Protein chains: 2
Amino acid sequence: MDQALTIAELISSGKQYYLPSVSIDNVIFGFHENQLKVLLLQIRSSDNWGLPGGYVFKEEEIEDAAVRVLKSRTGLQDLFLQQFYVFGGTKRVTKEILKPVFKAIGTELTDESWLMNRFISIGYYALVEYEKVTPYPDELSTQCTWHDLNNLPGLILDHKEIIDKALETLRIQVNHQPIGYNLLPDEFPLKSLQLIYETILGRKLDRGNFNRKILGYGILEKKQKHYSGGAHKAPYLYSFLKEDYFNALKTGLKKDF
Amino acid sequence: MDQALTIAELISSGKQYYLPSVSIDNVIFGFHENQLKVLLLQIRSSDNWGLPGGYVFKEEEIEDAAVRVLKSRTGLQDLFLQQFYVFGGTKRVTKEILKPVFKAIGTELTDESWLMNRFISIGYYALVEYEKVTPYPDELSTQCTWHDLNNLPGLILDHKEIIDKALETLRIQVNHQPIGYNLLPDEFPLKSLQLIYETILGRKLDRGNFNRKILGYGILEKKQKHYSGGAHKAPYLYSFLKEDYFNALKTGLKKDF
DNA sequence: TTATTATTGTGTCATTATAACACAATAATA
DNA sequence: TATTATTGTGTTATAATGACACAATAATAA
């Protein structure tokens, strides 16, 4: 699942290039139309979707592998991937799922293929600015598109569980991660940031209290007004003061305990 | 590194039993004499110490493997292991470290041994009640003892990094983990719980404020007084109300954001 | 031109949480 | 009986939180 290898090569001789038993799955979150989205690939020959994942070269750092895999399967690059969990179930990969996929691209996968072995999968997540992304699918997939978190399609293997775990991790680490920094454009209204926090935390926040609190951290800079075209008062735009933001995150936006 | 296999078998035919490329390392925290401790094995033939780790059987769930490995290397069982990170560096295992270890137990390890391959290691941590533990070392180790976190001996591979990461994870998740539940005996004075929080958070807490706060969560039950023998007032002992405690942890002891 | 609508920026206020310190009570020892 | 160390609890100032209020203001409709 790397650009350097064709599918045929992957099947026939992937074993000699890749680290056995280890795979990567990336959960990419985006924010658009006031909703948190996740990037999925439609598996060729099926109605099922999957996360952009792949394998690790024998002499490659796993983080580098996560970055490379994501680029080759979706075209995305220059984003901050964060490892969050390992999915190690013995029943993760089944031939019922893999065989039709490879058949659809004109290749036969035998029971003896190294791809049919057990793989544990290292989960990475990233938050990306939706507008900056033009994902394109690889050979194995027919589509690469954003999906609403509340309305996911059928997912292969344990990918639903992986997405849920990524979101849970994000929730627990909400005060230690640069939530809005990567999900929003350079300039944005406070309401957008509030909606992201509400989605991640799974509850409504009071607008006034949210504004005062987030501004109180001293990590935002007020910019010009934004005339949205709606029949209402125009909000000010803000941008992150990157240095102050990352300094504040070191100890957490709110102290623990 | 399992009881069913001898060291000789591990070297000669481990490859056919174990999942390639994947290993486990356990960080076991204990609390004794008002200090947070970590359990280490002294590597035979050296002054270096290491975490109790091992390998995963081909058809074994990784969590089961973590439990089995810990039992076989230290004798510990019935504790709650929590996965926290994967260490995937390409340079983790070096022959300079492994060879002398196996030589010391009378076995030669060649460059071609499967043990010399690259392994990524899945980190698990557990909090255990110090008094309930009688660790004993396995064949590869001369000692299995507790070490003060502030005074660690020389550690092999990236085990220092693994311990640091475990502690950092614990710190971030402090409001979502049953911190004291596993580290303390059934009944304990509030001061002991306070010291654990102070160690994990790395700062002093005010006694009065801590008492009021922790009691305010309604997760502790007051028991009889404990006459310690010291020249001072005797503290009350407390025990956790297990059900209430775990319910409170679901949303976190303190709400995020 | 004026009224209507939706949303913004900011204000208020009661409640709760936090931090820092105070002090009497009390086991054991001198 | 005095001393010592530590406990349970109290006080007070400051800060954070949650719930709601209301005038200001873009765009649209009357």
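Each chain gets a letter, A, B and so on, in the order the sequences are listed, and its residues count up from 1. The figures here come from the full heavy-atom set of this structure, side chains too, leaving out hydrogens, waters and symmetry mates. Every value quoted in this text rests on a predicted model; they were computed, and no experiment measured them.
- In this pair, A:Trp146 and A:Tyr130 present their aromatic rings tilted. The plane angle is within the 30 to 60° band.
- Rounded to an integer number of Å, the gap from B:Gln224 CD to C:dA27 P is 14 Å.
- Remark: B:Tyr197 OH to B:Leu183 CG distance equals 10.0 Å, nearest 0.5 Å.
- Taking a pair to require two hydrogen-bonding distances under 3.5 Å in either a Watson-Crick or a G-U wobble arrangement, D:dA19 pairs with C:dT12.
- Checked against D:dG10, C:dC21, D:dA26, the side chain of A:His232 finds its nearest nucleotide in D:dA26.
- As judged by a 4.0 angstrom heavy-atom cut-off over every strand, A:Lys204 is placed among residues making no nucleic acid contact.
- Relative to the side chain of A:Ala231, the nucleotides D:dT9, D:dA26, C:dG9 differ in distance, and D:dA26 lies closest.
- Atom-to-atom, CG of A:Leu193 to C1' of C:dT8 comes out at 16 Å; the value is rounded to the nearest Å.
- Between the side chain of A:Asn209 and the base of D:dG18 there is at least one donor-acceptor pair of N/O atoms closer than 3.5 Å.
- Both tests pass for A:Lys222 against the ring of A:Tyr236: distance under 6.0 Å to the centre and angle within 45° of the axis.
- Sequence order on DNA chain D of the closest nucleotides to A:Arg212 and A:Lys233 puts A:Arg212 first from the 5' end.
- Pair assignment for D:dA27: C:dT4, on the basis of Watson-Crick or G-U wobble contacts that are both within less than 3.5 Å.
- The interatomic distance linking A:Tyr236 (OH) with C:dT8 (P) rounds to 13 Å, in whole Å.
- Proximity note for B:Arg207 (side chain, C-beta onward) versus C:dC23, C:dC21, D:dC20: the nearest is C:dC23.
- Taking atom CG of A:Leu201 as the reference point, atom C1' of D:dT17 lies 15 Å away to the nearest angstrom.
- C:dA30 is paired with D:dT1 under the criterion used here, namely a Watson-Crick or G-U wobble arrangement in which both key atom distances are under 3.5 Å.
- Counting any heavy atom pair closer than 4.0 Å across all strands shown, A:Gly229 reaches sugar-phosphate atoms only and no base atom.
- Remark: side-chain polar atoms of A:Asp158 are not paired, donor with acceptor, to backbone N or O of A:Glu161 under 3.5 angstrom.
- In this entry the distance linking OH of B:Tyr227 with P of D:dT7 reads 14 Å, nearest Å.
- Judged by closest nucleotide on DNA chain C, A:Pro235 is the one of B:Gly230 and A:Pro235 placed further toward the 5' end.
- Note on B:Asp64 versus B:Arg68: no salt bridge recorded, every NZ/NE/NH1/NH2 to OD/OE distance being 4.0 Å or above.
- Closest approach to the A:Ala234 side chain among D:dA24, D:dA19, D:dA26 is made by D:dA26 (side chain taken as heavy atoms from C-beta onward).
- Summarising the geometry, the separation between NE2 on B:His226 and C1' on D:dT6 is reported as 13 Å, rounded to the nearest angstrom.
- Distances shown here put a side-chain N or O of B:Lys213 below 4.0 Å from the OP1 or OP2 atom of C:dT18.
- Side-chain atoms of A:Ser239 and A:Glu187 form no donor-acceptor pair, as typed in the model, at a separation below 3.5 Å.
- The phosphate of C:dG9 has neither OP1 nor OP2 within less than 4.0 Å of any side-chain N or O from A:Lys225.
- The interatomic distance linking A:Asn211 (CG) with C:dG11 (P) rounds to 12 Å, in whole Å.
- Contact between the side-chain N/O atoms of B:Lys191 and the OP1/OP2 oxygens of D:dT6 is not found at any separation under 4.0 Å.
- Between the CG atom of A:Leu205 and the P atom of D:dA19 there is a distance of 11 Å, given to the nearest Å.
- Under the Watson-Crick or G-U wobble criterion, with both distances below 3.5 Å, C:dA17 is paired with D:dT14.
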